[in-house]
Amino acid sequence: MMKSEQLSSRFYEISEKEKGKISILLKGKIDIKNSAHILKKLTPAIKGNSLSSLVIDLGEVDYLDDFGALVLLEIKHLVAEQKAKFNVVNVKDNIKEILSLVNFESHEYFVPLKKYKPPNILVDLGETAIQHTDNIRFFISFLGSVILSFIHVCIHPKDLRINDTITYMKKTGVDALPIVALISFLLGLVMAFMSSLQLQQFGANIYVASLVSIAMVSELGPIMTAIVVAGRSGSAFAAEIGSMKISEEIDALFTMGFNPTIFLAVPRIIACIIVVPLLTLFSDVFAISGGLLVGVFMLDLSTTSYINQTIKTLTLFEVMWGMGKSFVFAAIVAWIGCLRGFQTRGGADSVGNAATSAVVSSIFLIILFDSIFAVLRSFW
Amino acid sequence: MKKQAIINVKNLVARYGDDLILKDISFDVFEGEILVVLGSSGCGKSTLLRHMIGLDRPFSGNIMIEGEDITSSDDSHFNALKKIGVLFQSSALFGSMTVAENIALPIQEYSGLSKSSIANLVRMKLCMVNLDGYENYLPSEISGGMKKRAGLARALALNPKILFLDEPTAGLDPVSSAEIDELILLINKSIGATIVIVTHALDSILNIAQRIIMLDKKTKSIIAEGDPRYLKDNSQNVSVRQFFNRKAKSRI
């Protein structure tokens with residue numbers, strides 16, 4: 001194809017003196033800047049020929065790094081594919097050094113690497129089963145350890161880290177108040193508005209107050225608050241404890257004779273079960289005030305009658321029921337957050353996974369326990 | 001013949017908030033040399049390094065890499081970054097990628113080579129640091145010394161003109177340390193990279209450093225500069241001699 005014709009540029013010169021015998025003269029600096037370009041140009045010239053031998057002359061190369069070595073290597077491979085002879089001549093000493101550094105002669109570059117083989121499905125199944133059993137075992141043993149720690153703290157109140165507990169109370173409670181208040185207020189507003197659309201048809205506007213207060217105090221208040229706390233604090237617990245776990249801080253605690261559960265989990269759980277019911281109370285109040293707003297401005301109810309109806313509807317039992325539920329939810333959220341934290345193993349991504357699974361598991365358990373409470377109540 | 005300076009640090013003042021870390025430091029790094037920045041713990045070695053690679057902005061003063069001021073505009077800062085490779089103290093390999101993917105990442109971005117070529121190049125790089133065969137391992141599956149070498153291969157991915165190594169041998173056994181030292185010398189010789197090392201491993205310093213800069217915690221500036229083998233015995237400064245001869249400070 002290119003008998004006696006020459007293909008050349010600043011970096012290379014190709015000449016074919018005899019049919020099938022190509023020599024390539026490389027020139028100047030072969031490095032990261034031009035290696036891709038040279039490869040692109042040379043590949044078709046070599047591929048298109050029925051080669052018998054190819055000689056690369058490095059006599060005019062001043063500098064060649066491993067990108068340059070890559071050019072030689074790729075050409076060598078192309079030549080080997082055509083079963084032709086390959087030769088590199090006029091190699092300067094400094095270039096020889098680079099080539100030996102990357103094992104140019106001896107290393108089998110084009111042998112495919114051993115790929116990670118996925119194990120067969122039975123092995124996979126077995127491993128997953130073992131993992132799940134381990135998971136459940138850890139679940140139960142952590143629950144036990146938390147209960148034991150609580151008993152320990154009850155007997156030796158001095159071992160409770162009061163300052164930490166107060167900090168977590170602030171973080172989970174006070175700092176969450178604005179968002180809980182806003183969400184509950186809007187929820188009360190929406191609920192009052194939606195129910196009024198139906199109740200108005202029967203002239204039963206006043207029952208909007210009953211509906212909002214009952215629904216919020218016994219159901220939605222505890223659930224909404226718990227979900228917000230799970231998203232804000234449950235995930236934070238998991239991430240904090242998880243990163244402590246992977247940086248060996250928990251091992252350090254252990255070697256100093258601290259019980260990590262008492263040190264890390266108990267303050268968080270206590271803080272949660274104290275502040276979350278209080279948050280729920282706030283959530284109830286804000287939801288009712290949201291309903292009140294709709295009642296007064298859209299349904300022509302007076303403030304007094306709305307509040308009277310609310311008080312008439314709500315019994316102490318109703319309020320305590322809601323608080324009790326949120327107490328349980330709080331314990332679940334904090335416990336799961338700590339559990340996921342302690343389960344963390346590996347690197348940065350596992351901390352993220354811990355936080356995610358803390359939120360997902362707590363929301364699932366909150367809904368599950370809420371249904372259990374509903375069933376219990378129907379048998380009351 | 002004096003070599004050309006590739007990095008100029010001029011009147012650098014570094015502060016973190018109210019803490020003055022480095023006070024009015026000036027020095028040059030010459031092309032092709034191995035410079036070691038050393039000093040006792042907490043004297044600002046790593047701070048100096050962070051400023052030189054543009055991670056922290058100086059309080060005042062300039063740092064030029066090949067004439068481009070990395071402290072001024074963002075554009076030239078970015079250009080200068082392409083010329084440097086950094087090995088971080090904890091290797092900073094991406095934990096979710098295999099060793100090969102870690103090294104391929106910058107090559108894919110900047111070289112324009114085909115996928116199979118990149119795979120071969122990565123194998124060459126790993127061959128250079130004696131880590132061939134570990135392409136498909138995750139960083140969590142290899143040892144500390146191997147992580148350092150993989151980090152070094154990643155720093156070398158684009159054959160940078162300047163290589164910054166933060167404590168390349170910290171926490172390694174003597175054999176691995178010696179291997180890394182040898183590798184550093186080899187890279188310096190074959191690729192001709194300028195290498196700036198922050199370390200206080202004495203053996204390494206005496207083995208590989210062509211020139212050292214010693215920082216002092218008290219004066220917050222450079223107290224010694226020159227050939228470590230000469231300074232070891234002949235420095236006028238007591239703390240320099242103490243450092244090189246591993247003498248404890250007298251507690252008076």
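Quick note: numbers below take in every heavy atom, side chains included, and nothing from hydrogens, waters or symmetry partners.
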More than 12 heavy atoms of other residues, nucleotides or ligands under 6.0 Å from [atom1] of [X]: yes or no?
X	atom1	value
A:R345	CZ	no
B:Y16	OH	yes
A:F86	CZ	yes
B:K83	NZ	yes
A:K92	NZ	yes
B:Y137	OH	no
A:K27	NZ	yes

Discussion item. Given heavy-atom pairs under 4.5 angstrom as the criterion, report whether the side chain, backbone, both or neither of A:Y63 touches chain B.
Written reply: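 The answer is the side chain of A:Y63.
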Worksheet entry | Contacting region of A:L70 [heavy-atom separation from chain B under 4.5 Å] | both
Could you measure the distance from the [atom1] atom of [X] to the [atom2] atom of [Y]? Nearest 0.5 Å is fine.
X	Y	atom1	atom2	value
A:D65	B:N159	CG	CG	4.0 Å
B:S140	A:I246	OG	CD1	11.0 Å
A:L39	B:L113	CG	CG	6.5 Å

Fill in: Interchain contact, B:S117 with chain A, by part (heavy-atom threshold 4.5 Å)
both
Worksheet item: Side chain, backbone, both or neither: which part of B:A157 has a heavy atom under 4.5 Å from chain A?
Response: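 For B:A157, the backbone is the part near chain A, not the side chain.
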Practice prompt. Begin from the C-alpha positions of B:N120 and A:H77 and carry the test side chain to side chain contact (heavy atoms under 4.5 Å, CB included) through to its verdict.
Written response: CA-CA 11 Å; B:N120 280 322; A:H77 181 63; over 6 Å; no
Worksheet item: What heavy-atom pair brings B:M124 and A:D66 nearest, and what distance separates the two atoms?
Response: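 In this case the closest contact between B:M124 and A:D66 is SD-O, 3.5 Å.
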